[in-house]
Amino acid sequence: MLDVTRIQHLPLFRGLSVASLSLLAQHGIERRYSAGETLFHAGDSPWGVYVVLEGRVRVVRGQGGRNVVIHTEGAGGTLADVPFFAGGVLPGTGVASEPTTCAIFPRDALRAVIQASPDVAFALLERLAVRVRDLVERLDQISSNSVAARLAAHLLRRCHEHGALVVSLGMTQTQLAEELGTVREVVVRELRALRTEAIIAPARAGWFEVLDVDRLAKIAGPQPRTT
């Protein structure tokens, strides 16, 4: 049984009644994962829906020896919900990017909760719809922008998130390549080009200083509005 305080603060469940939250908590199982640990594999038959309580999980899909990030979920994000509603197997592999805690709701138990409290289904479906919208935006970015533009946008987001011009990539170069829909060698090449043009400079191991925000923004191009 899950402590109800672990889920009641999540935006995902905001608006649910106390009764619905209590019913969910009765069937939830809390599990912790270390950084780099795999939660599930693509092609597995899911046994439940995951809700991220703390940490971050990347869901990747591999093809031809190359992985591409489908989506990344932080606190309040859901995982393995596609096969719960649509049937079939898991479409991607979930890997903890950092120490992560999830609440897992077994399939049969979650169905029973939804039958008793349909508002739970609406909360899960709303989250799933947001992820579909984000995936469409990601595909638009990959199809219409160069790797250089996507890398520049990533660096600008890091600066904005941390309110500083000296930032890390936030992940390994291989993971960033998966996020950007490319391979590590291309990321290394584009970082080198930014250094050569004096747009960024190495600060310390794994960190970069943005020297010219305006030129970086020009490379990134117009960015989609976030809501």
> For His27 and Ala109, which heavy atoms make the closest approach, and how far apart are they?
Replying inline: ND1-CB, 3.6 Å
> Below 4.0 angstrom, N of the basic side chain to O of the carboxylate: do Arg32 and Glu37 qualify?
Replying inline: no
> Where is the tightest heavy-atom contact between Leu176 and Val187, given as atom of each residue plus distance?
Replying inline: CD2-CG1, 4.1 Å
> What about Leu53 and Val59, same hydrophobic cluster or not, with Ile/Leu/Val/Met/Phe/Trp/Tyr joined at side-chain heavy-atom distances under 4.5 Å?
Replying inline: no
>> Return the OG to CE distance between Ser22 and Met1, rounded to the nearest 0.5 Å.
In response: 7.5 Å
>> Quick one: does any side-chain atom of Arg150 pair with a main-chain N or O of Leu180 as donor and acceptor, under 3.5 Å?
In response: yes
> Without hydrogens or angle criteria, can the side chains of Thr172 and Arg184 be said to hold a donor-acceptor pair below 3.5 Å?
Replying inline: no
> CD of Glu30: more than 12 outside heavy atoms within 6.0 angstrom?
Replying inline: yes
> In Å and rounded to the nearest 0.5 Å, what is the CD to CG distance from Glu54 to Leu10?
Replying inline: 9.5 Å
> For Asp119 and Ser17, which heavy atoms make the closest approach, and how far apart are they?
Replying inline: OD2-N, 3.9 Å
> Taking all non-hydrogen atoms of both residues, which atom of Cys159 and which atom of Val210 are closest, and how far apart?
Replying inline: SG-CG2, 3.6 Å
> Is there a side-chain contact between Glu209 and Val166 (heavy atoms, below 4.5 Å)?
Replying inline: yes
> Does Val120 reach the side chain of Val113, with side-chain heavy atoms less than 4.5 Å apart?
Replying inline: yes
> side-chain contact (heavy atoms from CB on, under 4.5 Å) between Arg133 and Val136: does it pass, once the steps are laid out?
Replying inline: CA-CA 5 Å; Arg133 183 182 63 197; Val136 170; 5.8 Å; no
> Is there side-chain contact between Leu110 and Ile114, with at least one heavy-atom pair below 4.5 Å?
Replying inline: yes
> Could you give the distance from CD1 (Ile7) to CG (Leu12), rounded to the nearest 0.5 Å?
Replying inline: 9.0 Å
>> Test of understanding: clusters of I, L, V, M, F, W, Y form through side-chain heavy atoms closer than 4.5 Å, transitively. Do Leu211 and Leu156 belong to the same one?
In response: no
> So which heavy atom on Pro83 is nearest to which on Gly88, and how close?
Replying inline: CB-O, 3.6 Å
> Is the closest side-chain heavy-atom distance between Leu79 and Phe40 below 4.5 Å?
Replying inline: yes
>> Tell me if a side-chain donor or acceptor on Arg58 pairs with a main-chain N or O of Gln175 at a distance below 3.5 Å.
In response: yes
> Would Glu178 and Met171 satisfy side-chain contact (heavy atoms from CB on, under 4.5 Å), going step by step from the backbone distance to the final call?
Replying inline: CA-CA 10 Å; Glu178 294 170 356; Met171 59 192 76; over 6 Å; no
> Would you call Arg158 and Glu161 a side-chain contact if the rule is heavy atoms closer than 4.5 Å?
Replying inline: yes
> Can we say Asp134 and Arg131 salt-bridge, meaning some charged N sits less than 4.0 Å from an Asp/Glu carboxylate O?
Replying inline: no
> What class does the angle between the rings of Phe105 and Phe13 fall in, given that below 30° is parallel, 30 to 60° is tilted and above 60° is perpendicular?
Replying inline: perpendicular
> Would a 4.5 Å heavy-atom cut-off, applied to side chains only, mark Leu24 and Leu16 as touching?
Replying inline: yes
>> What I'd like to find out is whether the side chain of Tyr33 reaches to under 4.5 Å of the side chain of Val95, using heavy atoms alone.
In response: no
>> Do Leu90 and Phe84 sit in one hydrophobic cluster, given that two such residues count as connected whenever their side-chain heavy atoms are within less than 4.5 Å of each other, even indirectly?
In response: no
> If we only count heavy atoms from C-beta on, is the Arg31 to Tyr50 side-chain gap below 4.5 Å?
Replying inline: no
> When clusters are formed by joining ILVMFWY residues with side-chain heavy atoms under 4.5 Å apart, either directly or through shared neighbours, do Val49 and Leu135 land in the same one?
Replying inline: no
> Would Val188 and Arg192 count as a side-chain contact (heavy atoms from CB on, under 4.5 Å) if you check the C-alpha gap in whole Å, the side-chain angles of each, and the deciding distance to 0.1 Å?
Replying inline: CA-CA 6 Å; Val188 171; Arg192 185 184 303 119; 3.5 Å; yes
> Roughly how far, to the nearest 0.5 Å, is NE2 of His9 from CG of Leu21?
Replying inline: 11.5 Å
>> Ignoring hydrogens and geometry beyond distance, is a side-chain donor-acceptor pair present between Thr72 and Glu179 at under 3.5 Å?
In response: yes
> For the side chain of Arg61 and the backbone of Pro91, is there at least one donor-acceptor N/O pair under 3.5 Å apart?
Replying inline: yes
>> Would you say Val51 ends up clustered with Phe85 if hydrophobic residues are merged whenever their side chains have heavy atoms under 4.5 Å apart, either directly or through other cluster members?
In response: yes
> Do side-chain atoms of Ser168 reach the backbone of Gly170 as a donor and acceptor pair under 3.5 angstrom?
Replying inline: yes
> With respect to Leu155, which candidate in Ile199, Ile219, Leu194, Val213 satisfies the side-chain contact (heavy atoms from CB on, under 4.5 Å) definition?
Replying inline: Leu194
> Under the side-chain contact (heavy atoms from CB on, under 4.5 Å) criterion, do Leu151 and Thr182 qualify, and how do the steps go?
Replying inline: CA-CA 10 Å; Leu151 174 60; Thr182 185; over 6 Å; no
> Of the non-hydrogen atoms in Gly48 and Ala80, which two are nearest, and what is the gap between them?
Replying inline: O-CB, 3.5 Å
